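One structure is given below, represented as structure tokens, and several questions about it will come after.
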Amino acid sequence: MIDIKLIRENPDLVRENIKKKFQDQKLPLVDTALELDRANRAAINEASELRARRNQLSKQIGMLMGQAKKDPTKAEEAEKLKSEVKADGDRLAELEVLEDRYKSELRAVMMQIPQIIDPSVPIGPDDSHNVEVQRFGEAKVPEFEVPYHTELMERFGGIDLDAARDVAGSGFYYLIGDIARLHEAVLAYARDFMIGKGFTYMIPPFMMHGNIVEGVMSQTDMDAMMYKIEGEDLYLIGTSEHSMIGRYINRLIPAETLPHTLTSYSPCFRKEKGSHGIEERGVYRIHQFEKQEMIVVCRPEESMDWYEKLWRYSVELFRSLDIPVRQLECCSGDLADLKVKSCDIEAWSPRQQKFFEVCSCSNLGDAQARRLNIRFKDADGKIYLAHTLNNTVVAPPRMLIALLENNLNADGTVKIPEVLRPYMGGKEKLEKAPAV
RNA sequence: GCGGAAGUACCCAAGUGGCCGAAGGGGCUCCCCUGCUAAGGGAGUAGACGUCUAAACCGCGUGCGAGGGUUCAAAUCCCUCCUUCCGCGCCA
């Protein structure tokens with residue numbers, strides 16, 4: 001959400017931004033917002049004048065009522081004033097309804113107007129125009145054939161999708177034995193990696209109220225992603241970012257504690273509406289997965305530096321697991337409405353001989369902060385909206401695909417990267433095992 | 001889940017319809033006094049949001065857990081919800 005003042009002062013900038021995001025159908029919203037804003041302020045002004053009058057007269061009535069005990073004529077005066085105040089009551093009630101209506105209509109419109117994107121964001125209509133910025137590590141194609149990841153996992157007795165379908169439907173999994181252990185090893189390693197970078201480890205709620213959902217994501221994302229608990233004002237989180245940012249609702253953060261650099265663990269639940277391609281079977285796109293996340297809440301002028309740091313942490317982590325990656329920058333049309341700038345870290349798939357998304361790093365600017373009222377008080381006493389960022393450290397089910405494929409040996413075993421071995425009881429490789 | 005109590009500013013806390021946007025402490029800030037001190041005295045201390053404004057000050061409005069209602073007028077009366085505490089029950 002952007003500042004209404006920006007629309008008042010510079011509507012053309014806002015329109016230009018909408019065009020850059022190829023959302024021309026939203027252009028009329030700018031005028032709608034201006035109109036509602038004007039009407040809203042007019043209603044506020046008239047209503048507060050009436051309230052001021054009422055307050056004043058009511059005070060006089062109070063005094064007259066007091067005096068009426070000695071002097072009965074004062075009671076008549078009081079009655080006269082009462083009817084005067086009452087006469088304004090209807091108009092005030094009308095204005096109050098208008099105020100509420102304009103306010104909520106304006107908010108609804110403002111929620112649809114996209115965040116102003118960073119000037120550095122490449123312009124393009126959709127994800128086909130995303131830009132590869134840089135590669136890290138050598139993307140190798142082995143001599144031997146690399147099987148589909150579910151087949152690899154089955155080789156080590158590590159997955160049962162059939163039973164998961166019976167129990168919860170497609171999009172769920174049982175991980176078993178060393179694969180399950182490797183999954184947890186990756187999470188534990190990622191957690192410690194971020195703690196080593198000075199981040200604070202946190203485990204947030206896995207459910208949240210509707211108002212938090214609205215604060216952290218756009219309506220379209222919400223419809224496509226979120227599971228609601230029946231009969232309760234509760235949603236399952238789609239990522240720990242949701243409840244981690246929600247934690248800051250209505251907070252006035254002491255400036256000296258900034259930046260807040262946090263790393264959170266949570267399971268994530270997503271509807272993943274619609275059907276997906278043959279390459280998204282197995283544990284690639286699922287309704288439930290686990291993720292280690294990084295969250296930063298910082299001063300506005302620092303958010304771009306943090307953005308750079310955050311995606312580099314992802315690269316560093318994947319490189320420490322011998323997985324080649326690349327940075328892919330989101331173009332304007334592919335950028336979610338709340339985001340100022342965003343990029344994906346993609347891991348190399350030797351089987352597909354292409355990169356696939358494993359991390360998503362975003363600078364939300366003040367968009368979430370304005371929706372959720374997340375502010376900080378500076379040393380000079382002034383109050384500003386904070387900036388929020390998030391990035392994946394690692395989401396193990398999906399990243400295991402890259403891990404298994406890139407560390408596959410010719411003999412069919414999988415090398416366990418050294419950094420993970422302490423979390424695997426010292427084990428150096430995965431070997432054939434029967435499924436249980 | 002059942003029963004009971006409570007939510008007032010940074011903290012504690014008074015306040016049951018009208019000069020209450022809110023007594024009194026503590027804390028904090030500033031000042032004064034004093035050389036032996038975790039002493040005494042004085043002053044200040046509702047922030048925030050909205051509106052007005054070129055902007056700021058001022059003014060006005062909102063604001064006593066949240067949302068409704070009654071009333072000329074609500075911290076105060078009524079309703080709903082949330083949270084916390086104490087019992088009982090249940091459960092990792």
Side-chain angles (χ1 to χ4, degrees), chain A residues 1-11 33-107 109-110 203 205-215 229 231-235 243 246-257 266-267 366 369-386:
Chain A
M1 186 149 75
I2 61 170
D3 194 343
I4 182 68
K5 281 182 192 151
L6 184 65
I7 297 187
R8 275 185 217 152
E9 284 159 20
N10 203 343
L34 281 169
E35 194 48 53
L36 283 169
D37 177 50
R38 203 170 312 138
N40 187 35
R41 283 188 293 158
I44 288 170
N45 278 327
E46 194 185 339
S48 47
E49 269 169 42
L50 285 176
R51 285 194 195 100
R53 205 168 108 87
R54 185 191 62 190
N55 289 346
Q56 220 176 1
L57 291 176
S58 288
K59 244 175 201 177
Q60 285 180 31
I61 293 170
M63 289 194 311
L64 288 170
M65 301 283 276
Q67 293 164 8
K69 282 170 194 157
K70 296 176 203 160
D71 180 358
T73 61
K74 297 285 185 187
E76 276 173 49
E77 259 180 77
E79 286 306 318
K80 225 175 100 188
L81 283 179
K82 274 192 199 178
S83 53
E84 220 174 293
V85 180
K86 205 165 189 173
D88 288 341
D90 290 344
R91 179 59 186 158
L92 188 56
E94 237 172 75
L95 287 167
E96 275 168 358
V97 171
L98 282 179
E99 272 182 306
D100 283 351
R101 212 182 76 200
Y102 291 145
K103 201 179 147 193
S104 62
E105 281 177 9
L106 181 59
R107 188 174 168 89
V109 170
M110 294 301 288
I203 300 174
F206 303 155
M207 296 187 200
M208 59 184 165
H209 290 312
N211 65 322
I212 305 291
V213 180
E214 279 170 21
I229 305 295
E232 314 242 4
D233 177 25
L234 283 174
Y235 292 78
S243 47
R247 173 169 180 260
Y248 287 90
I249 188 168
N250 292 328
R251 271 232 243 185
L252 190 57
I253 307 167
E256 66 272 17
T257 68
S266 85
D366 60 10
R370 183 167 290 107
R371 286 186 175 198
L372 290 171
N373 191 28
I374 303 170
R375 301 163 303 158
F376 68 93
K377 190 178 217 165
D378 217 342
D380 61 7
K382 284 196 181 154
I383 285 168
Y384 304 92
L385 289 170

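Note on naming: letters A, B, ... go to the chains in the order of the sequence lines (proteins, then strands), and numbering restarts at 1 for each one. Note that the coordinates shown come from a computational prediction; the quantities given were computed from them, not determined experimentally.
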For B:A43, which nucleotide is its Watson-Crick or G-U wobble mate, given both distances must be under 3.5 Å?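 Its partner is B:U29 (Watson-Crick or G-U wobble, both distances under 3.5 Å).
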
Expressed in angstrom and rounded to an integer, what is the separation of A:Asn250 atom CG from B:G47 atom C1'?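 Going from CG in A:Asn250 over to C1' in B:G47 covers 14 Å.
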
Side chains of A:Asn40 and A:Arg38, donor plus acceptor under 3.5 Å: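 Checked: A:Asn40/A:Arg38 side chains show no N/O donor-acceptor pair below 3.5 Å.
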
Counting N and O atoms only, with roles assigned by atom type, does the side chain of A:His209 sit under 3.5 Å from a partner on the main chain of A:Asp233, one being a donor and the other an acceptor?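 Flag set: sc A:His209 to bb A:Asp233 pair under 3.5 Å.
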
What does B:A92 pair with, Watson-Crick or G-U, if both distances are under 3.5 Å?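 Answer to the pairing question: none, since B:A92 forms no Watson-Crick or G-U pair.
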
Contact class for A:Ser48 vs. all strands (heavy atom < 4.0 Å): base, sugar-phosphate, or nothing?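 Since only primed, P, OP1 and OP2 atoms lie under 4.0 Å of A:Ser48, the category is sugar-phosphate.
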
Where each residue is assigned the nucleotide of RNA chain B containing its nearest heavy atom, which of A:Gly62 and A:Ile4 is assigned the position nearer the 5′ end?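 Its nucleotide being nearer the 5' end, the pick is A:Gly62.
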
Strictly below 4.0 Å, N to O, side chains only: are A:Lys5 and A:Glu9 in salt-bridge contact?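 Salt bridge between A:Lys5 and A:Glu9, a charged N being under 4.0 Å from a carboxylate O: no.
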
Flag if over 12 foreign heavy atoms under 6.0 Å of CD, A:Gln56: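 12 or below, so no.
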
Charged N to carboxylate O under 4.0 angstrom, A:Arg51 versus A:Glu96?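 Yes, this pair counts.
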
With a 3.5 Å limit on both atom pairs, tell me what B:U84 is paired to, counting Watson-Crick and G-U wobble, or say none.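 For B:U84, the partner nucleotide comes out as B:A5, under the 3.5 Å rule.
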
Does a side-chain N or O of A:Arg53 approach OP1 or OP2 of B:C60 to a distance below 4.0 Å, or not?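 Result: no.
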
What is the separation between atom CD on A:Glu99 and atom C1' on B:C49, rounded to the nearest whole Å?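 These atoms are roughly 14 Å apart.
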
Could you check which of B:C60, B:U62, B:A48 has an atom nearest any side-chain atom of A:Lys377?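 My answer, after comparing the listed nucleotides, is B:A48.
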
Out of B:C49, B:C60, B:C72, which has the shortest distance to the side chain of A:Val85?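 Selected nucleotide (nearest to the side chain): B:C72.
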
Tell me the partner of B:G24, counting only Watson-Crick (N1-N3 plus N6-O4 or O6-N4) or G-U wobble (N1-O2 and O6-N3) with both under 3.5 Å; none if nothing fits.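 Across all strands, the one nucleotide that pairs with B:G24 is B:C12.
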
By nearest atom, which of the nucleotides B:U51, B:C19, B:C72 is closest to the A:Asn45 side chain?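 Shortest atom-to-atom distance from the side chain points to B:U51.
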
Counting side-chain heavy atoms from C-beta on, which of B:G61, B:U51, B:C72 comes nearest to A:Arg54?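 Closest nucleotide among those given: B:C72.
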
Given that both distances must come in under 3.5 Å, which nucleotide forms a Watson-Crick or G-U wobble pair with B:A48?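 B:A48 is paired, partner B:U62.
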
Just the rounded figure in Å: distance from P of B:A48 to CG of A:Leu372.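 The distance from CG of A:Leu372 to P of B:A48 comes to 21 Å, rounded to the nearest Å.
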
Check this one for me: any side-chain N or O of A:Asn55 less than 4.0 Å away from OP1 or OP2 of B:G61?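 So the side-chain polar atoms of A:Asn55 do come within 4.0 Å of the phosphate oxygens OP1 or OP2 of B:G61, strictly under.
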
Think A:Arg41 has a side-chain N or O under 4.0 angstrom from the OP1 or OP2 of B:G50?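 Checking B:G50 against A:Arg41, no side-chain N or O comes under 4.0 Å of OP1 or OP2.
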
Whole-Å gap separating P (B:A66) and CG (A:Asn211):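 Distance, rounded to whole Å: 15 Å.
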
Pairing partner of B:U53 (Watson-Crick or G-U wobble, both distances under 3.5 Å):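 Across any shown strand, B:U53 pairs with none.
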
Look at A:Lys86 and B:C72 and indicate whether a side-chain polar atom (N or O) is within less than 4.0 Å of OP1 or OP2.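 So the side-chain polar atoms of A:Lys86 do come within 4.0 Å of the phosphate oxygens OP1 or OP2 of B:C72, strictly under.
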
